[in-house]
Protein chains: 2
Amino acid sequence: MLHLKKAATQDLPVYDRILSTALDLFVERGYHNVSIHDIQKLANVSIGSIYNHFGGKEGVAKALYYHLIREMEELVADVIDENLSFRESCNRIISLLFEYTESKRNIVAYVLHAKHQEFLPDEPPICSSTPFKTMRNIVQRGMESGEIREGDPWVVASGIFGGAIRLIHLRLDGVLNVPLPELYDELIDCMWHGMEPISIQESVA
Amino acid sequence: MLHLKKAATQDLPVYDRILSTALDLFVERGYHNVSIHDIQKLANVSIGSIYNHFGGKEGVAKALYYHLIREMEELVADVIDENLSFRESCNRIISLLFEYTESKRNIVAYVLHAKHQEFLPDEPPICSSTPFKTMRNIVQRGMESGEIREGDPWVVASGIFGGAIRLIHLRLDGVLNVPLPELYDELIDCMWHGMEPISIQESVA
DNA sequence: GTCTATACGCTGATAGAC
DNA sequence: GTCTATCAGCGTATAGAC
């Protein structure tokens, strides 16, 4: 697997160096504002190497896409292996995504931000790709086991993860200047108990 | 104001015809995959006209941006003028956004989807732009009046609107093939009452 | 596998007639 | 204001040496 660190960039083998550099550039400037020459210079490789390994710029983007989707899948799979309750699984996934957003910003940004259809016309849109499908399936299992309200799985999944994803977007866009993990507890509370004022919730109970 | 309709495209004055065509093309292919020549051909105008009115492709994108942001602002402002309760205001905004997504798909897609920083480096990111700021402010007022739980305004705003925005994205990406208004009631219920199974909510009450 | 130099097409932009 | 013809620059991709 590929672990991207800027500091270690120069020590990586060519293949990984290209991917690592491309990730940084794509996230920073956007795919279309990065030329092969930019990647070539910053990664200290030749254009020929890039074409040898990836067959061009689109090939680089595609390889990146698969690497990072896989990384996200593993994150979700690890949570499932922990055999937590349904609700704890959801919380854990959100918690990990929040940590990722802080420690591996560009990975999350590339997966979440990019309109991959603009430059990867063959790939399915990201929300239907495996990690998100998996998350939807988790929700469906939670409904069947009665741990969560019944309903359209997409609506329920959006209700659970929508707030978290929104916060990640805000954080990536630089609108939020608070690290996401600090907001975790409050968000979890909001999503499970709803947005009613707490006084009402208590008076009902 | 600009009301974009594909059918009436050919009857519009040049200025609006360019904007309308550009909107469709930008959403369909993405800003960078659309050339001035594409716009020129499809809008039945000359390149000269485009440069006269907008000063270039970026100028077209910028004008579009302002038009559509303004349209969204008005949508929110109209809701505020109705003087509903805080909660009803939120519901109404979501309802209108859902309708917009169905009837004016490309407008919503352009405002929501695009990473405008990639091609409009001078503009602020969309989530911090006026309509979203306004929505956050509404939330803040709701907290002060006790109609909603206290907390970080971004977290609360994400809790309220995050699910809706997520569904809009899914719909725009073609993952959902149900018109959003049909999902409205269920979503609203989820967001106000939380994701607990309904049986538990009832037993608590 | 890695590199450099080069070719070719596309795109944004301009000039100048009407 | 609208148009066409044309230019200059950039970015992808290739060819061929090492």
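This is a predicted model, so every value here is computed, not measured. Atoms considered below: every heavy atom in the structure, side chains included; atoms not considered: hydrogens, waters and symmetry mates. Numbered from 1 within each chain, the chains take letters A, B, ... in sequence-line order.
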Pair Ser35(A)-Asp38(A), side-chain donor/acceptor within less than 3.5 Å: yes
Rounded to the Å, how far apart are Asn44(B) CG and dT2(D) C1'? 13 Å
Can you check whether Phe119(B) reaches His32(B) side chain to side chain, under 4.5 Å on heavy atoms? yes
Without decimals, in angstroms, what is the distance between Lys41(A) NZ and dT12(D) P? 12 Å
Carboxylate-amine/guanidinium proximity below 4.0 Å for Glu147(A) and Arg87(A): no
Is the Trp192(B) ring parallel, tilted or perpendicular to the Phe86(B) ring (thresholds 30°, 60°)? perpendicular
B/S/- along nucleotides 11-18 of chain C (protein heavy atoms under 4.0 Å) is SBBB----
Check the phosphate of dT2(D) against Ser46(B), side-chain N and O only, distance under 4.0 Å to OP1 or OP2. Yes or no? no
Side-chain N or O of Ser49(A) versus OP1/OP2 of dC3(C): is the shortest distance under 4.0 Å? yes
Residues forming a ring pair (Phe, Tyr, Trp, His ring centres under 6.0 Å) with Phe26(A), sequence neighbours excluded: Tyr31(A)
Run the salt-bridge test on Glu71(B) and Lys104(B) with the 4.0 Å N-O cut-off and return the result as yes or no. yes
